[in-house]
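So the structure is just underneath, and the comments pick up after that.
Since the model is a prediction, treat every value here as computed from it, not as a measurement. Just so you know, ligand 1 is whichever comes first in the structure, and atom 1 is the first atom listed for that ligand. The residues of the chain are indexed from 1 along the displayed sequence.
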Amino acid sequence: MATQPPRGFYDLLPPIASQLHELCDTGLKAMELFGYKLYQTPCVEMASVFDRSLGEDSDIVHKEMFRFQNRKEEWLCLRPEGTAGIARLIATHKLGRELPLKMIYYGPMFRYERPQKGRQRQFHQFGLERLGSSTALSESEVIQSSHAFLKALDLDASCKLEINTLGDDDSREAYKQTLVAYFEPLKEKLSDDSQRRLDTNPLRILDSKAPEDQDIVTNAPKLADSLNEESQSHFKKVLVLLDEMKIPYTINPKLVRGLDYYSHTVFEWTTDKLGTQSAVLAGGRYDKLTKQMGGATLQGIGWAAGLERLMLLKQEINNTKTKTVTDVEPKIGVLILDPKAQGAALRLTSKLRAANKTCEIYEGKANKLSEKAKKRGCTSFIFLGEQEVLDGVATIKTPQQEDKKINL
Ligand code: ATP
Ligand code: MG
């Protein structure tokens with residue numbers, strides 16, 4: 001029998017497991033202030049949900065999806081990202097009569113990648129989608145929400161915003177032609193992946209991480225020069241609104257995002273504290289996704305954050321483990337000195353929990369109990385022996401504080 005989970009998959013133990021939960025909880029509360037609501041899609045979808053929408057040639061669809069067949073020989077997959085599933089959910093439930101739709105999701109995602117620090121085969125994302133408007137205001141507000149999310153986690157100062165525009169369909173088509181004309185004579189020097197992309201989606205070559213592509217990509221014509229007026233003025237409006245909110249950004253002309261569905265504004269929050277896995281949150285605008293899934297045409301913009309990378313970043317900053325709820329909350333140890341006090345201990349802890357107090361029962365060798373409770377983080381102690389049971393009253397002892405009485 002295997003004693004390890006599959007490569008790239010991990011058990012989550014305390015304090016990481018609860019940190020992950022807290023991160024989602026904090027994010028959820030911060031985003032509810034913007035009027036977003038939680039939706040959840042299943043971890044397994046029909047593979048077709050992702051194949052066309054993300055692009056057959058995207059890294060995810062091309063090599064990172066966990067695909068498998070069910071007994072009917074239909075192709076299913078573990079979801080590699082959240083947006084396509086949310087678009088499918090919108091089509092399934094015919095959402096979109098009341099706009100805008102403001103949706104949050106979180107949970108595990110799965111990608112068949114080479115595992116390394118900040119890159120797993122199962123990881124967690126917290127994401128958000130806003131559908132039903134295409135204005136610069138809505139785009140800026142979504143970027144503002146990503147900033148608010150990082151701020152709620154106290155990570156905004158450690159990340160910086162990179163932004164770019166892919167323009168509208170016409171601008172992108174014009175740019176593709178310019179790019180092909182530039183790359184074609186240099187084809188032999190490009191990585192194998194980029195050579196293939198030259199035929200399928202030349203824009204994606206700009207996203208390449210292959211060292212042999214870097215110089216060629218740096219000198220490539222810029223998308224900004226192919227933008228039509230409408231796309232240019234839309235992007236300018238987004239930037240002006242970011243300026244007004246005093247959210248600093250850098251325009252990164254190489255930021256194209258790896259998926260087919262994006263248009264207009266794309267953005268990433270990156271950090272210089274996590275080495276190569278520098279992107280902690282990424283997003284952008286998409287216009288055709290919900291229609292592709294068989295629903296109404298809804299323009300959308302959204303983002304997703306990688307929670308493991310955010311936790312690594314938090315650790316990097318604090319250089320200590322972040323405190324969990326149980327570390328922070330004072331914990332009461334209820335120490336049983338006589339087996340007759342077992343019932344009283346169970347009743348008492350239930351009463352303490354009803355008053356929102358964290359508590360644990362300890363039984364065993366009387367002289368070892370306090371030590372055991374202290375080791376597990378207890379800061380107050382209640383000793384329960386025969387006398388306490390008879391009296392119906394016990395004492396809460398907290399070092400450096402006055403004793404308190406509590407009825408059993
Ligand atoms: P990268 O360029 O690092 O591969 P990506 O562009 O594939 O990232 P997205 O699809 O935009 O990532 O996903 C959003 C976020 O999810 C990323 O910014 C990152 O924080 C996180 N993420 C993506 N893939 C992984 C992974 N394999 N393990 C852990 N986190 C991940
Ligand atoms: Mg990736």
Side-chain angles (χ1 to χ4, degrees), residues 5-10 12 16 20 23-24 27 50 53-55 57-66 77-86 104-129 142-143 146 149-150 153 155 158-164 166 193 197 201 203-210 213-214 217 252 254-262 265-286 289 301-316:
R7 189 164 127 82
F9 290 75
Y10 302 95
L12 293 175
I16 303 293
L20 195 90
L23 249 160
C24 293
F50 302 99
S53 55
L54 273 57
D57 181 51
S58 62
D59 275 350
I60 292 184
V61 172
H62 188 64
K63 53 190 180 195
E64 295 174 2
M65 285 226 302
F66 281 90
C77 71
L78 300 182
R79 63 177 181 190
E81 58 102 61
T83 308
I86 286 283
I104 310 172
Y105 62 87
Y106 61 76
M109 304 291 161
F110 307 84
R111 295 185 193 175
Y112 206 109
E113 302 197 68
R114 193 171 69 78
Q116 51 198 293
K117 188 181 167 197
R119 197 175 288 287
Q120 293 124 242
R121 291 186 174 170
Q122 177 177 341
F123 60 101
H124 294 78
Q125 282 187 342
F126 181 103
L128 168 160
E129 312 290 346
V142 167
I143 298 173
S146 67
F149 173 77
L150 293 172
L153 304 175
L155 292 174
S158 314
C159 303
K160 66 185 202 1
L161 174 64
E162 296 183 24
I163 190 165
N164 192 23
L166 302 178
D193 272 348
R197 287 167 178 156
N201 190 346
L203 218 76
R204 213 166 268 140
I205 300 175
L206 302 182
D207 214 14
S208 164
K209 291 185 178 107
D213 294 343
Q214 295 313 305
V217 166
N252 175 359
K254 274 163 65 177
L255 183 67
V256 290
R257 309 283 303 122
L259 312 175
D260 269 2
Y261 53 60
Y262 286 117
T265 313
V266 288
F267 61 98
E268 264 183 22
W269 286 91
T270 58
T271 174
D272 55 10
K273 295 185 171 64
L274 294 182
T276 336
Q277 272 57 255
S278 60
V280 294
L281 184 156
R285 158 106 171 257
Y286 50 89
L289 209 47
I301 175 156
W303 52 261
L307 299 186
E308 281 80 2
R309 288 190 197 174
L310 291 175
M311 289 199 290
L312 282 173
L313 181 57
K314 238 180 182 334
Q315 275 173 18
E316 201 65 38

> Should the pair Tyr106 and Phe126 be assigned to parallel (<30°), tilted (30 to 60°) or perpendicular (>60°) ring geometry?
Replying inline: parallel
> Considering only heavy atoms of Leu281, which atoms of ligand 1 have at least one such atom less than 4.0 Å away?
Replying inline: 18 (O)
> How does Gln125 reach ligand 1, by side chain, by backbone, by both or by neither, if only non-hydrogen atoms under 4.0 Å count?
Replying inline: side chain
>> Lys209 versus ligand 1: do any nitrogen or oxygen atoms come within less than 3.5 Å of each other?
In response: yes
>> Within the 4.0 Å heavy-atom shell around Ala279, which atoms of ligand 1 are there?
In response: 17 (C), 18 (O), 19 (C), 20 (O)
>> Regarding atom 29 (C) of ligand 1: of the candidates Gly118, Ser58, Gly306, which has the closest heavy atom?
In response: Gly118
>> Would you say that Thr83 contacts Gln125 through its side chain, given a criterion of any heavy-atom pair below 4.5 Å between the two side chains?
In response: no
>> How close do Ala84 and Leu54 get, counting heavy atoms only, and between which atoms?
In response: CB-CD1, 3.9 Å
> Which ligand 1 atoms, with their elements, are less than 4.0 angstrom from a heavy-atom of Ala282?
Replying inline: 11 (O)
>> Please tell me whether Phe66 and Phe9 form a close aromatic pair, meaning their ring centres lie under 6.0 Å apart.
In response: yes
> Does ligand 1 have any atom sitting under 4.0 Å from a heavy atom of Glu81?
Replying inline: no
> So do the side chains of Arg121 and Pro6 get within less than 4.5 Å of each other, counting heavy atoms only?
Replying inline: no
> Counting from 1, what ligand 1 atoms have a heavy atom of Arg257 closer than 4.0 Å?
Replying inline: 6 (O), 9 (P), 11 (O)
>> Would you say that Ile143 contacts Trp303 through its side chain, given a criterion of any heavy-atom pair below 4.5 Å between the two side chains?
In response: no
> Which option, Phe123, Trp269, Trp303, Phe126, owns the non-hydrogen atom nearest atom 31 (C) of ligand 1?
Replying inline: Phe123
>> Testing Leu155, Leu313, Leu150 one by one against Thr271 for a side chain to side chain contact (heavy atoms under 4.5 Å, CB included), which residue passes?
In response: Leu313
>> Working to the nearest 0.5 angstrom, can you tell me the gap between Gln120 CD and Arg111 CZ?
In response: 11.5 Å
>> Between Val217 and Ile205, is the side chain to side chain contact (heavy atoms under 4.5 Å, CB included) condition met? List the steps.
In response: CA-CA 7 Å; Val217 166; Ile205 300 175; 4.2 Å; yes
> For ligand 1, which atoms, with element, lie under 4.0 Å from some heavy atom of Ala304?
Replying inline: 14 (C), 15 (C)
> Of all the heavy atoms in Gln120, does at least one lie under 4.0 Å from an atom in ligand 1?
Replying inline: yes
> Would you say Arg119 contacts ligand 1, with heavy atoms under 4.0 Å as the rule?
Replying inline: yes
> Who gets closest to atom 8 (O) of ligand 1 by heavy atom: Arg309, Glu268, Gln277?
Replying inline: Arg309
